[in-house]
Amino acid sequence: MKKVDSHIDDSILEKAKILEMITRYLSKYSSSQFDFYACNLENGVLTLGTINSSSLSVIRNHQRDIIKDVNFEFSEILRGRVNKIKLKIIQDPKN
């Protein structure tokens with residue numbers, strides 16, 4: 001039987017790895033009360049998801065810093081630059 005990753009396109013796996021690295025890196029902006037996750041990266045728009053609305057204000061306050069940090073830290077990995085952050089409320093992935 002084949003491994004699961006042999007059935008998934010390599011570009012999807014690469015994108016998932018990048019999003020996971022961004023999520024880990026952005027943990028410096030979060031606290032135990034405010035968790036957020038990198039959900040998507042497409043056409044220069046980074047989508048960040050959070051599990052509650054109070055975390056959205058934390059992301060909004062740090063939006064410019066997050067864009068600068070992501071562009072600086074991941075410039076070699078990203079194909080383009082992040083120009084904008086889109087915010088979403090998501091279900092808690094830990095549950």
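Predicted model only: the values in this text are computed from it and were never measured.
With rounding to the nearest 0.5 Å, the separation of CG in L46 from CD1 in I66 is 8.0 Å. The CZ atom of R64 sits 8.0 Å away from atom NZ of K68, with the distance rounded to the nearest 0.5 Å. The structure places CD1 of I18 at 9.0 Å from CZ of F74, a figure rounded to the nearest 0.5 Å. The OH atom of Y37 sits 15.5 Å away from the CD1 atom of I22 when rounded to the nearest 0.5 Å. Atom CD1 of I51 is separated from atom CD1 of I90 by 8.0 Å, given to the nearest 0.5 angstrom. Within the model, atoms OG of S55 and CZ of R60 stand 11.0 Å from one another, a figure rounded to the nearest 0.5 Å.
The two residues L56 and K88 come nearest to each other via the heavy atoms CD2-O, 4.3 Å. Contact record, C39 with G49: SG-N, 3.5 Å, taken as the closest heavy-atom pair. Shortest non-hydrogen contact noted between I59 and I85 is CG2-CG2, 4.5 Å. Shortest non-hydrogen contact noted between A38 and L19 is CB-O, 3.5 Å.
In this structure the side chain of V70 reaches within 4.5 angstrom of the side chain of L26, judged on heavy atoms.
Within 6.0 Å of the NZ atom in K84, the count of heavy atoms belonging to other residues, nucleotides or ligands does not exceed 12.
The hydrophobic clustering, which links ILVMFWY residues whose side-chain heavy atoms are closer than 4.5 Å, places I77 and L41 together.
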- request: Run the numbers on N40 and K15 for side chain to side chain contact (heavy atoms under 4.5 Å, CB included), then give the verdict.
  value: CA-CA 8 Å; N40 197 8; K15 187 174 182 179; 2.7 Å; yes
